[in-house]
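I'd like to ask some things about the structure below.
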Amino acid sequence: GAVVSQHPSWVICKSGTSVKIECRSLDFQATTMFWYRQFPKQSLMLMATSNEGSKATYEQGVEKDKFLINHASLTLSTLTVTSAHPEDSSFYICSALRVNQPQHFGDGTRLSIL
Amino acid sequence: AQSVTQLDSHVSVSEGTPVLLRCNYSSSYSPSLFWYVQHPNKGLQLLLKYTSAATLVKGINGFEAEFKKSETSFHLTKPSAHMSDAAEYFCVVTKLQTDKLIFGTGTRLQVFP
């Protein structure tokens with residue numbers, strides 16, 4: 001069964017609002033989680049690395065004030081898209097790093113900004 | 001810098017025929033390589049991984065891949081395609097001295113009855 005749960009799976013909201021996406025590791029503790037963005041028919045692009053108890057590390061070109069990441073516990077990381085605009089519409093996927101295992105991915109969140 | 005190149009953006013096969021999805025890598029060290037599959041509007045599922053043990057790696061659902069250093073390739077194969085194999089496949093390499101993943105551009109596999 002799924003070891004990483006991502007919620008919500010789909011969200012539609014108005015331009016200017018903020019949206020929070022949750023990523024949970026279900027049966028293990030994850031000190032490190034990753035957030036990816038995927039445009040239609042394209043590959044995954046790493047946005048940031050989420051570290052429990054410390055600030056996230058953002059990839060070049062990703063606005064940290066736009067995409068707020070919080071990793072307050074060993075099983076939960078959240079991504080908040082602040083003041084969302086239509087160009088932020090995308091498929092967002094998280095993954096969690098389990099000791100001595102490859103990354104486990106969530107099922108993704110389809111975000112549509114009207 | 002590490003990178004992977006998936007040579008085909010689209011592959012179409014008939015059900016029951018072999019599948020070959022091609023991937024070449026570039027790395028200055030012995031890399032960790034993966035194949036992931038993504039079904040529509042879903043996350044990624046690990047098919048198999050290579051971590052410098054056996055060069056022929058067997059994965060789930062009948063898939064396997066062979067690491068060929070001389071050709072810098074890590075092609076994914078399956079002897080007989082099933083309709084449920086239709087999906088997007090990503091060849092992935094780890095970034096040096098990190099846990100970060102670098103994704104190829106993906107290959108969409110279509111399986112016809």
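By convention in this document, chain letters (A, B, ...) are assigned in the order of the sequence lines, proteins followed by strands, and residues within each chain are numbered from 1. A quick note: this is a predicted structure, and the numbers were derived from the prediction, not measured.
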Please check if A/Phe105 and B/Val37 belong to a single hydrophobic cluster, counting links between Ile, Leu, Val, Met, Phe, Trp and Tyr side chain heavy atoms closer than 4.5 Å.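 No, A/Phe105 and B/Val37 fall in different hydrophobic clusters.
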Minimum-distance pair of heavy atoms, taken over all atoms of B/Lys49 and A/Asn100: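 Heavy atoms only, the tightest pair is NZ-O, 4.3 Å.
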Which atom of A/Phe34 lies closest to which atom of B/Lys100, heavy atoms considered: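 Residues A/Phe34 and B/Lys100, closest heavy atoms: CE2-CG, 4.2 Å.
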Look at the side-chain heavy atoms of Ile, Leu, Val, Met, Phe, Trp and Tyr, link any pair under 4.5 Å apart, and say whether B/Tyr89 and B/Met83 land in one connected group. yes
So for A/Gln38, is it side chain, backbone, both, or neither that comes closer than 4.5 Å to the heavy atoms of chain B? side chain
Need one label for B/Phe103: side chain, backbone, both or neither, based on atoms under 4.5 Å from any heavy atom in chain A.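 Its backbone and side chain both get close to chain A.
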Any heavy-atom pair between the side chains of A/Gln42 and B/Thr105 that's under 4.5 Å? no
Are A/Phe91 and B/Lys42 side-chain neighbours, meaning at least one heavy-atom pair lies under 4.5 Å?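 No, every pair of side-chain atoms sits at 4.5 Å or beyond.
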Expected output: side-chain A/Ser43 to main-chain B/Gly106 donor-acceptor under 3.5 Å: no
Positive for side-chain contact (heavy atoms from CB on, under 4.5 Å) with A/Leu44, one of B/Val92, B/Ile102, B/Leu44: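 Passing option: B/Leu44.
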Does any backbone or side-chain atom of B/Gln38 lie under 4.5 Å from a heavy atom of chain A? Answer side chain, backbone, both or neither.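 For B/Gln38, the contact with chain A is made by the side chain alone.
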Heavy atoms from other residues, nucleotides or ligands near NE2 of B/His39 exceed 12 (cutoff 6.0 Å): yes
Hphob cluster co-occupancy, B/Leu76 + B/Val11, side-chain heavy atoms under 4.5 angstrom: yes
Are A/Tyr36 and A/Leu79 linked, directly or through intermediate hydrophobic residues, by side-chain heavy-atom contacts shorter than 4.5 Å (ILVMFWY only)? no
Do the non-hydrogen side-chain atoms of A/Gln103 and B/Leu46 ever get within less than 4.5 Å of each other? no
Pick one of side chain, backbone, both or neither for A/Leu46, based on which atoms fall under 4.5 Å of a heavy atom in chain B. side chain
Verify the cluster assignment for B/Phe67 and B/Trp35: are they in a single hydrophobic cluster under the rule of side-chain heavy atoms below 4.5 Å apart?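 Looking at the clustering, B/Trp35 is in the same group as B/Phe67.
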Kindly check if the number of other-residue, nucleotide or ligand heavy atoms within 6.0 Å of NZ (B/Lys69) is above 12?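 It does not: B/Lys69 NZ has 12 such atoms or fewer within range.
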